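Residue numbering restarts at 1 for every chain, and letters A, B, ... go by the order of the sequence lines. In this text the structure is predicted, and so the values were computed from the model without any measurement.
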Amino acid sequence: MPAQIRENSEVAVIFHEMADMLEIIGENPFRIRAFRRAAQAIENLPEGVGTMLEKGTLARVPGIGSGIMGRVEQILETGDCEDHATLREEVGAGLLEMMRVEGIGPKTVKLVYTELGIQTVDGLEAAARQGHLAGLPRMGEKSQAKIIDAIAAYRRHTGRLLLGEALPQGMAIVEALGQEPAVEQIDLAGSSRRRRETIGDLDVLVGSTQATAVMDRFVALPQVNDVMLRGDTKCSVHLKQGGLQVDLRVVRPECFGAALHYFTGSKMHNIAIRDRGKRRGLRISEYGVFREGTDESIGGRTEEEVFAAVGLPFIPPELRENQGEIEAAEAGTLPRLIEDGDLRGDLHVHTDATDGTAPLEEMAEAGAALGFEYIAITDHSKALAMTQGLDEARLAKQVDLVREVEQRLGEIEILAGIEVDILPTGELDLSVAALRELDWVVASVHSHFKLSEEEQTARIIRAMESGVVDCIGHPTGRVLGQRDPYAVDLDRVIEAAARLGVALELNAFPDRLDLDPPHCRQAREVGVPVVVNTDAHAPGHLALREFGIYTARRGWLEPGDVLNTRPLSAIRAWREPRLPAKPSKKKTKKRKNP
DNA sequence: GCCGTTTTCGGCCCGACTGTTTTCAGTCG
């Protein structure tokens with residue numbers, strides 16, 4: 001994992017743990033919330049927390065005051081802070097883990113610990129099975145059975161689902177439930193509407209005057225496996241596929257907007273908006289916007305009305321993380337976020353010459369069918385032997401094929417390119433002279449993931465310094481849920497990209513989404529172009545660009561920040577000044593610009 | 001612990017559902 005992300009998440013974990021432990025011992029809830037808020041703020045920092053502490057910019061981050069700052073200093077110096085260590089002696093790791101079981105909160109943990117001496121999830125399960133929990137205050141047979149089920153679910157299902165897996169299921173439910181006549185409005189809410197890279201559960205919101213009919217239809221959907229809970233307006237189920245939890249909420253149509261805003265979150269964004277409302281004498285809930293002390297709604301049919309009530313324009317869901325979007329909305333400087341239709345082409349596509357499944361011609365046709373103006377064929381290079389990567393001779397043949405297919409199809413421009421391996425030393429897997437002849441060069445790390453951060457960073461920067469690299473592919477190498485990013489200092493990579501005129505890829509494959517949104521934002525701020533590519537290995541993969549667009553939007557990117565929103569002539573003009581001079585005697589025929 | 005159009009103290013977002021109660025605590029989002 002890159003050092004700065006590792007550092008931030010390590011520091012954040014300590015504050016999360018403090019919040020959990022303080023909850024168990026029954027501390028002041030606002031103090032607890034402050035620790036949670038600080039933890040979240042640190043997780044979302046654009047830079048390393050240590051760097052920001054040194055630069056003095058950490059103090060300006062909302063939620064970080066002098067108390068947190070002092071603890072951060074301690075943590076960075078010694079690896080922990082005093083009161084965390086003290087609490088840790090009082091509250092063991094087992095108690096913390098118990099809180100992660102659905103339905104078990106701090107009060108229950110404290111109860112079973114003080115009454116029964118239970119300190120672990122295993123101990124809790126044993127006590128429940130032996131019927132020891134049912135006798136505790138405010139506990140009964142049902143609670144005990146629920147805890148047994150919840151522990152089983154906890155063991156079965158720990159991780160989050162990729163957006164690419166969860167979103168299609170969510171959309172299918174919206175589609176199916178939308179058929180119900182009682183449904184007047186319906187939309188996804190929660191993190192799937194904000195298009196987070198991973199999803200814990202799906203939230204579906206319906207506007208209707210007939211909640212019972214809507215919920216009857218919902219629980220009868222063929223996708224539904226079991227019903228967890230059902231009330232008058234709220235219902236939770238598990239789906240058959242992957243056991244994904246779906247929460248349905250039904251509200252009256254006149255408060256659909258307020259509810260949509262509320263259930264879309266994020267929590268931090270909502271708190272900030274409500275706080276803003278409060279300062280204006282307004283109470284904002286999922287039922288609308290109310291003047292303090294009255295029940296008269298002054299808005300809430302649409303989200304726009306909610307924002308307008310606190311003096312703001314509409315903020316796109318992808319930005320709602322309380323990461324400056326409210327301030328930008330206030331100042332009128334919200335970005336005009338990139339949309340699917342802004343992309344003119346895909347600059348990272350594989351064929352069956354290496355590890356793709358389809359011939360070059362089919363990939364190009366698929367691109368044309370999606371309305372792309374251009375597509376770059378970028379198969380692997382020879383270092384990636386398991387994919388039968390191209391050597392210079394095979395590459396030259398492929399270039400000829402590209403020219404021939406382009407001529408034959410006539411409906412899409414095809415760039416002859418490569419995804420060349422960056423060797424451990426930072427040298428490229430093919431000669432600079434051969435790469436210089438290509439229309440587009442993606443350079444990627446596919447091996448030696450365990451180099452030190454210094455070596456990995458130097459390796460990537462050295463590759464960029466060759467002058468022939470147009471774009472760094474999947475810059476951190478992360479595979480969501482499977483592989484952490486390799487150790488690399490992205491601050492330095494972004495800085496080098498700015499200096500050397502190299503673009504960074506936002507790989508749209510749902511398990512990569514690499515660059516992540518904070519670094520997209522950082523690239524945008526220093527003028528490094530981002531390229532939204534699918535890395536397609538089959539024709540159907542080209543449609544995955546939507547997930548790249550979602551992530552780009554979460555990274556505040558406008559069309560102008562993304563290289564492949566530009567016409568091909570502009571891309572050629574962008575790369576040309578950086579390319580090393582060609583050997584003068586061997587004059588190759590240059591392609592004419594369109 | 002944080003923060004300030006309520007500015008250095010006194011607030012801090014708001015409501016649904018469940019299970020165990022007979023008015024509410026705990027949990028979740």
(message) Return whichever of M215(A) or G281(A) has its heavy-atom-nearest nucleotide of DNA chain B closer to the 5' end.
(response) G281(A)
(request) Kindly indicate whether the side chain of E90(A), heavy atoms from C-beta on, has any atom under 4.5 Å from the side chain of I25(A). (result) yes
(message) If I take atom CD1 in residue I14(A) and atom P in nucleotide dG1(B), what distance separates them, rounded to the nearest angstrom?
(response) 16 Å
(message) Between dG10(B) and dC17(B), how far apart are the two C1' atoms, rounded to whole Å?
(response) 32 Å
(message) Under 4.0 Å, counting only non-hydrogen atoms across every strand here, what does K267(A) touch: a base, just sugar-phosphate, or nothing?
(response) base
(request) Rounded to the nearest angstrom, tell me the gap between atom CG in D20(A) and atom P in dC28(B). (result) 11 Å
(request) For dA16(B) and dT21(B), measure between their P atoms and round to the nearest Å. (result) 24 Å
(request) Quick one: label P29(A) by what it contacts on the DNA or RNA (base, sugar-phosphate, nothing), any heavy atom closer than 4.0 Å. (result) nothing
(message) Check this for me: does any side-chain nitrogen of one of R554(A) and E321(A) sit under 4.0 Å from a carboxylate oxygen of the other?
(response) yes
(request) State whether K234(A) and E286(A) are salt-bridged, where the test is any N-O pair (Lys NZ or Arg NE/NH1/NH2 against Asp/Glu carboxylate O) under 4.0 Å. (result) no
(request) From the options dC3(B), dG1(B), dT27(B), select the nucleotide whose nearest atom is closest to the side chain of P106(A). (result) dT27(B)
(request) Have a look at I273(A) and say if it touches a base, only the backbone sugar-phosphate, or nothing, with a 4.0 Å heavy-atom cut-off. (result) nothing
(request) Provide, to the nearest angstrom, the distance between the CG atom belonging to D232(A) and the P atom belonging to dT18(B). (result) 9 Å
(message) Looking at E197(A) and R478(A), is any side-chain nitrogen of the basic one under 4.0 Å from a carboxylate oxygen of the acidic one?
(response) yes
(message) Just N and O in the side chain of K278(A): are any of them under 4.0 Å from OP1 or OP2 of dC12(B)?
(response) yes
(request) Counting Watson-Crick and G-U wobble pairs only, both distances under 3.5 Å, name the nucleotide matched with dT8(B), or none. (result) none
(message) Once you apply a heavy-atom cut-off of 4.0 Å, does F30(A) come out as touching a base, just sugar-phosphate, or nothing?
(response) base
(message) Using a heavy-atom cut-off of 4.0 Å across all strands, would you classify V109(A) as base, sugar-phosphate, or nothing?
(response) nothing
(request) Salt-bridge test for D80(A) and R88(A): reply yes if a basic N is under 4.0 Å from a carboxylate O, no otherwise. (result) no
(request) Looking only at side-chain atoms of R37(A), point me to the closest of dG19(B), dG1(B), dC3(B). (result) dC3(B)
(message) By the 4.0 Å heavy-atom rule, please label I284(A) as base, sugar-phosphate, or nothing.
(response) sugar-phosphate
(request) Would you indicate what N28(A) reaches in the nucleic acid, counting non-hydrogen atoms under 4.0 angstrom: base, sugar-phosphate, or nothing? (result) base
(message) Output the rounded distance in Å from CG (L188(A)) to P (dG29(B)).
(response) 17 Å
(request) Please determine, for the side chain of E102(A), which listed nucleotide (dG15(B), dG29(B), dT20(B)) has the closest atom? (result) dG29(B)
(message) Using a strict threshold of under 4.0 Å (side-chain N to carboxylate O), is an ion pair present between D83(A) and R71(A)?
(response) yes
(message) The side chain of T108(A) is closest to which nucleotide in this list: dG15(B), dG19(B), dT27(B)?
(response) dT27(B)
(request) Whole angstrom is fine here: how far is it from CD1 in I147(A) over to P in dT18(B)? (result) 16 Å
(message) OP1 or OP2 of dG15(B) versus the side-chain N and O atoms of R249(A): is any pair under 4.0 Å?
(response) no
(request) Would you mind classifying the nucleic acid contact of R230(A) as base, sugar-phosphate or nothing, using non-hydrogen atoms under 4.0 angstrom? (result) sugar-phosphate
(request) For S66(A), report the nucleic acid contact type (base, sugar-phosphate, nothing); a contact means any heavy atom under 4.0 Å. (result) sugar-phosphate
(request) Check every strand shown and say whether E141(A) touches a base, only sugar-phosphate, or nothing at a heavy-atom separation below 4.0 Å. (result) sugar-phosphate
(request) Would you kindly give the CE-to-P distance between M268(A) and dC2(B), to the nearest whole Å? (result) 14 Å
(message) Under 4.0 Å from OP1 or OP2 of dC17(B): is there any side-chain N or O of K234(A) that close?
(response) no
(message) For E330(A), is there an ion pair with R276(A) - N to carboxylate O distance below 4.0 angstrom?
(response) yes
(request) Could you measure between the two P atoms, the one in dC3(B) and the one in dT8(B), and give it in whole Å? (result) 16 Å
(request) Check whether any side-chain N or O of S236(A) sits under 4.0 Å from OP1 or OP2 of dC17(B), and answer yes or no. (result) no
(message) In this structure, how many angstroms lie between the C1' atom of dG26(B) and the CD atom of Q144(A), rounded?
(response) 17 Å
(request) Please state the C1' separation for the pair dC14(B) and dT20(B) - nearest whole angstrom. (result) 24 Å
(request) Measure the distance from CZ on R100(A) to P on dG29(B) and round it to the nearest whole Å. (result) 14 Å
(request) Select base, sugar-phosphate, or nothing to describe what R276(A) touches, counting heavy atoms under 4.0 Å on all strands. (result) nothing
(request) Ignoring hydrogens and angles, state whether a donor on the side chain of Q185(A) or D187(A) is under 3.5 Å from an acceptor on the partner side chain. (result) no
(message) Under 4.0 Å, counting only non-hydrogen atoms across every strand here, what does P137(A) touch: a base, just sugar-phosphate, or nothing?
(response) nothing
(request) Establish whether the base of dG29(B) is bridged to the side chain of Y262(A) by a donor-acceptor pair shorter than 3.5 Å. (result) yes
(message) Between H16(A) and H84(A) (judged by ring centroids, cut-off 6.0 Å), do the two rings come close enough to count as a pair?
(response) no
(request) Measure from the side-chain heavy atoms of R31(A) and tell me the nearest of dG1(B), dC14(B), dT18(B). (result) dG1(B)
(request) Would you indicate which nucleotide in dG29(B), dC14(B), dC2(B) comes nearest to any side-chain atom of D247(A)? (result) dG29(B)
(message) In whole Å, measure the gap between the P atoms of dT6(B) and dG1(B) for me.
(response) 26 Å
(message) Work out how far the C1' atom of dG11(B) is from that of dT5(B), and round it to whole angstrom.
(response) 16 Å
(request) Let me know, please, whether R279(A) or S143(A) comes out on the 5' side of the other along DNA chain B by nearest nucleotide. (result) R279(A)
(request) Please measure how far the P atom in dT23(B) lies from the corresponding atom in dC28(B), and state the result in whole Å. (result) 26 Å
